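Working notes, beginning with the structure itself.
Because the structure is a prediction, the values reported are computed rather than measured. Naming: A, B, ... by sequence-line order, numbering from 1 per chain.
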There are 2 protein chains.
Amino acid sequence: MNIAIVGLGLIGGSMAIDLKARGFASHIVGVDNSKLNSATALNIGLVDEICTLEEAMTKVELVIVAVPVSAAAKVVTQVLDLSNDNQVVIDTCSTKEKICLSLKNHQYRNRYVATHPMAGTEYSGPWAAKSGLYDSKVVVICDSEDSGPKAVDLVKKMYDTLCMRVVLMNSANHDVHTAYISHISHVCSFALALTVLDKEKDEKHIFDLASSGFDTTVRLAKSSVDMWLPIIEQNKDNILTVLDTYMEKLQAFRTSIQNGDSDTTRKLISEANTIRRVIK
Amino acid sequence: MNIAIVGLGLIGGSMAIDLKARGFASHIVGVDNSKLNSATALNIGLVDEICTLEEAMTKVELVIVAVPVSAAAKVVTQVLDLSNDNQVVIDTCSTKEKICLSLKNHQYRNRYVATHPMAGTEYSGPWAAKSGLYDSKVVVICDSEDSGPKAVDLVKKMYDTLCMRVVLMNSANHDVHTAYISHISHVCSFALALTVLDKEKDEKHIFDLASSGFDTTVRLAKSSVDMWLPIIEQNKDNILTVLDTYMEKLQAFRTSIQNGDSDTTRKLISEANTIRRVIK
């Protein structure tokens, strides 16, 4: 199958590698606004050729739109406008409610499948693409009842090739879930990085003792602002709700620590410890 | 050299393994209040024998006190009271100002070296002990001017055997530094776990989409309450200071997200991104 990948970053590039290597794609066409990304992707062999979106649409059966959240709805609309009945388009955005809403009434909505492959690293760009990024991870397909059954089947097959577990969910629920188990972690991590960077201004060696616990907690703070600003803006309401609960929990810790109330602090930590049940 | 390890958990047990394997210790005596820990440590070969503290003091040249922060000052005092001039004692606690203060005027203070090997996992108990835990990590020796030079030399040699990088620091500074780069990460992680566990009460499947970003951020929330409650209590003032700065940073995010103020949110994330400079 010929496929086009629009947006040659970590997400699109990593798909290109494994879809080609595992025989799902025979020819991959790359589309990207950035000349540097395009040249790099071609150079390191992520794609077989670079062309414009218009050209690409004359060559492929499947289009993967892997651009930042803020551009995705517009690009998917362009793709659908140019599409024919034998073509399928997916996006890979981390937020799903707004994009599904804005495409809801497109005359070719059935050719579009809204997906969110839940994998990534704190790096970005075609250089960051790697094989195996998606293996054993979860992909969410949203509002699949609005997509044609054949389109959904093709996309499931594609994600099977990437060894992902498919979860179906409506787009509003998806955004609530990801606010809790992904977006908030990033905001916490950004804020924690800022806290220690602030201290560094008057205590030059504050990072000398940084241990693995610190590294893992702030690792996400390296995440690209170009990717995360649009996610935060698109999922604003859910993120604010989670942030409020999180700040209440911190305040509960603050109060019990301040008061020397060991019983309450112990109770809070013990309850947090039950997270062992859900994470490895 | 014969050594005693008081407290046969992750920290003491992991030291036992490598100090024996790497030839620093020829015979290791274990001391622990818990019969289960003692039996386990003997059973899995962490120590050569189990005895009381009094017996141990007749047999060894070096005593490693690796008990929870809340018990350490009392145990080190007991050890010093029983010690002779050829014996050295160290503790391994994560907070250092209080213990150094409480031992400041002990008549044998020079036989004591205050240390904090900055390594660990979220697991505890003798079962969790493992070889290599300390390799390439940092160990802080605090207030070394209060220890005898021979005692400090011996302890440095011991940490060399564990392949640790020694940093000298006064105990008050140590506690400020660890509040920023270790303790706060744990409080954040506990609070984040509580936030999502709360949501789980009305959204049973909230963890279905949990990805690696979430796992790394909440990993520390699995940390033992028996270890962390005393650390938080002993380093209360520093932790509250850091917590306040952290909550201010979160509030800055909250305000800019709420107001749709992209410029400010972008600035905050971009500044957080500079953490790349200090962590791998």
Side-chain angles (χ1 to χ4, degrees), chain A residues 118 138 167 177-178 180-182 185 187-199 206-211 213-222 225 228-229 232 236 239-240 242-243 245-247 249-250 253-254 257-258 262 265-266 268-276 278-279, chain B residues 118 138 140 167 177-178 180-182 185 187-199 206-211 213-222 225 228-229 232 236 239-240 242-243 245-247 249-250 253-254 257-258 262 265-266 269-276 278-279:
Chain A
M118 300 198 57
V138 166
V167 172
H177 279 240
T178 50
Y180 277 90
I181 51 77
S182 165
S185 296
V187 176
C188 297
S189 206
F190 291 137
L192 191 58
L194 290 177
T195 302
V196 189
L197 287 163
D198 243 28
K199 181 69 181 173
I206 193 72
F207 290 106
D208 282 4
L209 307 188
S211 60
F214 180 73
D215 283 5
T216 55
T217 321
V218 300
R219 181 178 67 84
L220 300 178
K222 300 196 282 180
V225 63
W228 280 93
L229 181 59
I232 289 172
K236 173 177 161 174
I239 289 175
L240 289 176
V242 188
L243 201 47
T245 310
Y246 178 61
M247 288 173 80
K249 299 295 178 189
L250 284 176
F253 268 104
R254 204 204 174 290
I257 295 171
Q258 169 86 64
S262 305
T265 311
R266 171 175 292 278
L268 289 168
I269 299 178
S270 299
E271 201 185 319
N273 280 171
T274 67
I275 199 76
R276 289 180 185 138
V278 286
I279 65 168
Chain B
M118 300 196 60
V138 166
V140 189
V167 172
H177 280 239
T178 50
Y180 276 90
I181 51 77
S182 166
S185 297
V187 177
C188 297
S189 207
F190 291 136
L192 191 59
L194 289 177
T195 302
V196 189
L197 286 163
D198 244 26
K199 182 68 180 173
I206 193 72
F207 290 106
D208 282 4
L209 306 187
S211 60
F214 180 74
D215 283 6
T216 57
T217 321
V218 299
R219 182 179 66 84
L220 299 178
K222 299 195 283 180
V225 63
W228 280 92
L229 181 59
I232 289 171
K236 172 177 162 174
I239 289 174
L240 289 176
V242 188
L243 201 47
T245 310
Y246 178 61
M247 288 173 79
K249 299 296 177 190
L250 284 176
F253 267 104
R254 205 206 173 287
I257 295 171
Q258 168 87 64
S262 304
T265 310
R266 172 175 290 278
I269 298 178
S270 299
E271 202 186 319
N273 281 170
T274 68
I275 199 77
R276 289 179 185 139
V278 286
I279 63 167

Checklist entry - Looking at A:F207, A:Y246, A:F253, which makes the most heavy-atom pairs under 4.5 Å with chain B? => result A:Y246

Checklist entry - So which heavy atom on A:A193 is nearest to which on B:A272, and how close? => result CB-O, 3.9 Å

Item to check | Shortest non-hydrogen separation from A:K222 to B:R276 and the atoms involved | outcome: O-NH2, 2.6 Å

Checklist entry - Heavy atoms, side chains only, cut-off 4.5 Å: are A:T217 and B:S189 in contact? => result no

Item to check | Minimum side-chain heavy-atom gap B:N273-A:F190 below 4.5 Å | outcome: yes

What distance separates [X] [atom1] from [Y] [atom2], expressed to the nearest 0.5 Å?
| X | Y | atom1 | atom2 | result |
| --- | --- | --- | --- | --- |
| B:I275 | A:D215 | CD1 | CG | 9.0 Å |
| A:T195 | B:I181 | OG1 | CD1 | 13.5 Å |
| B:W228 | A:R266 | CH2 | CZ | 14.5 Å |
| A:M118 | B:D208 | CE | CG | 10.5 Å |

Checklist entry - With distance as the sole test, does A:K199 use its side chain to make a donor-acceptor pair with the main-chain N or O of B:Y180 at under 3.5 Å? => result no

Checklist entry - Does any heavy atom of chain A fall under 4.5 Å from the side chain of B:L197, the backbone, both, or neither of them? => result side chain

Checklist entry - Side chain, backbone, both or neither: which part of B:V196 has a non-hydrogen atom closer than 4.5 Å to chain A? => result both

Sort out for me which of [options] touches chain A most, counting heavy-atom pairs under 4.5 Å.
| options | answer |
| --- | --- |
| B:V218, B:L209, B:T265, B:L250 | B:L209 |
| B:V138, B:I257, B:T245 | B:I257 |
| B:M247, B:E271, B:K249, B:K236 | B:K249 |
| B:S262, B:S182, B:S270 | B:S262 |

Item to check | Heavy-atom contact with chain B under 4.5 Å, split by part of A:D198 | outcome: side chain

Item to check | Portion of A:L243 that has a non-hydrogen atom of chain B nearer than 4.5 angstrom | outcome: side chain

